[in-house]
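Bear in mind the structure is a predicted one, so any value in this text is a computation, not a measurement. Computed over heavy atoms, backbone and side chain alike; hydrogens, waters and symmetry mates excluded.
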Amino acid sequence: MDNSLFDMIQNKFDSLTGVYERSAIENFAWQLVQGKKPFSLLLIDGDNFKNVNDGYGHKVGDLVIMIIAEKIKNAFADIGIVGRFGGDEFIVILPDIIEYDAVWHACRNVHALFESFSVPEYPSLFMTITTGLSRFPKDGNSYEELFEKADKALYRGKQKGRSCFIIYLDEKHKNIKVHSSEAPNSNSMQLHNTIFTMLAKSDNLKKSIPYVLQFFCTNLMIDHVGIQNEHELLFSEIYSLSRGKEFAYIDDALISLNVNKATGIFYINDIKQLSFSHQGTLLQKCTEQQIMSTFFAEISYGKTTYGYLRADSTSLARIWQHNDMDLLLTAAKAIGMALHYQKKTLKDIL
């Protein structure tokens, strides 16, 4: 990269990570716009970083931020300039790189580095990033416009389940509205009510269950969603864009062993973590179906367990979000309640 570009940046560095401060990187972007020099703007956000601080403490949180910054710097060492926007959020400027294939590969390179994310002292700690990208002058004539477009792309990535990158395209992302903190809560309440009503009050579960599974695939971008009892996979839905087309029963004994008795769920963000808990058989079964992350919610009522509602991610490891897990758990409990009052088993409704 042309060293003269550095003359445009104030020498202000973030004390924790060593990358540029927000004011310096924003000033750099502003000067590129003023000089009509093409560039791409990336917003990179750590996924579920709050869970790191809450679960491991702020000292480990700072360590994770430094590791994230180092990986981003390594990915863009020769082609871009990295700044810390705040917290676990980073902003990257790629001067002269705006062609779609070039920015796609740049994003892929940084995300590839996070496939091997690790903190030696905490082997179970897993971290991913989500990236939104916009390009000047294609996507806007000011820094503010570019930031808004990159933020929309980032928001879309978060909606898709995180651990991905989205390149802003007007025809796909123009109408995205980045919701306030209140909006998702209201929407979530409506979804819970809709799912519960559709299942708990249904007199035709054979018809309503596939509809709900399809909803989870298309709206939560989940590759596999299905229902299995003690012996077999009874309902299944595979997302049309899923890379993994193999969706088969997983031995009930391997799952029930892991289910949290208090919550009725079992989930794992990255199946490689199974090797740390010496669950080689379950790891093998997941690998055979290209499963990277999996979630199970117990379908039960009272002391009776009918089976599990299962969701898998096959293309990338997925950090399961509380809102998504709550919706899946609501569906599982609603099915359990309906089976109880109809005095049926899962097999009976086929």
Original post:
Leu350 versus Phe235: any side-chain heavy-atom pair under 4.5 Å?
Top reply: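 Answer yes - side chains close enough.
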Original post:
What class does the angle between the rings of Phe296 and Tyr308 fall in, given that below 30° is parallel, 30 to 60° is tilted and above 60° is perpendicular?
Top reply: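 Ring orientation, 0 to 90° scale: perpendicular.
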Original post:
Do the rings of Phe114 and Phe117 sit parallel, tilted or perpendicular, given the 30° and 60° boundaries?
Top reply: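 If you compare the ring of Phe114 with that of Phe117, the planes turn out parallel.
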Subject >> Test item: Ser242 side-chain N/O and Gly244 main-chain N/O as donor-acceptor pair under 3.5 Å >> reply: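 Yes.
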**OP:** Would you confirm whether His340, through its side chain, and Gly336, through its main-chain N or O, come within 3.5 Å as a donor-acceptor pair?
**Re:**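 Side chain of His340 to backbone of Gly336: no pair is present.
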**OP:** Give a yes or no on whether the ring-centroid distance for Phe85 and Phe147 is below 6.0 angstrom.
**Re:**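 Yes, the ring of Phe85 comes within the 6.0 Å limit of the ring of Phe147, centre to centre.
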Subject >> Distance-only donor-acceptor check, side chains Gln279 and Asn258, under 3.5 Å >> reply: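 Yes.
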Subject >> Distance-only polar pair, side chains of Thr314 and His224, donor-acceptor under 3.5 Å >> reply: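 No, no side-chain donor-acceptor pair sits under 3.5 Å.
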Subject >> Steps toward side chain to side chain contact (heavy atoms under 4.5 Å, CB included) verdict (Glu237, Phe247) >> reply: CA-CA 9 Å; Glu237 185 73 30; Phe247 190 12; over 6 Å; no
**OP:** For the pair Phe39 and Leu146, evaluate side chain to side chain contact (heavy atoms under 4.5 Å, CB included) and give the outcome as yes or no after the intermediate values.
**Re:** CA-CA 10 Å; Phe39 68 95; Leu146 294 168; 3.4 Å; yes
Original post:
Please walk me through it: do Asp47 and Thr130 pass side chain to side chain donor-acceptor pair (under 3.5 Å)?
Top reply: CA-CA 7 Å; Asp47 296 327; Thr130 300; 2.7 Å; yes
**OP:** Please step through side chain to side chain contact (heavy atoms under 4.5 Å, CB included) for the pair Met325 and Leu329, ending with a clear verdict.
**Re:** CA-CA 6 Å; Met325 292 193 292; Leu329 184 59; over 6 Å; no
Subject >> Working for side chain to side chain contact (heavy atoms under 4.5 Å, CB included), residues Trp320 and Asn269 >> reply: CA-CA 6 Å; Trp320 293 100; Asn269 292 324; 3.4 Å; yes
May I ask you to decide whether [X] forms a salt bridge with [Y], counting only side-chain N to carboxylate O separations under 4.0 Å?
X      : Y      : value
Lys149 : Asp139 : no
Lys71  : Glu115 : no
Arg318 : Asp312 : no

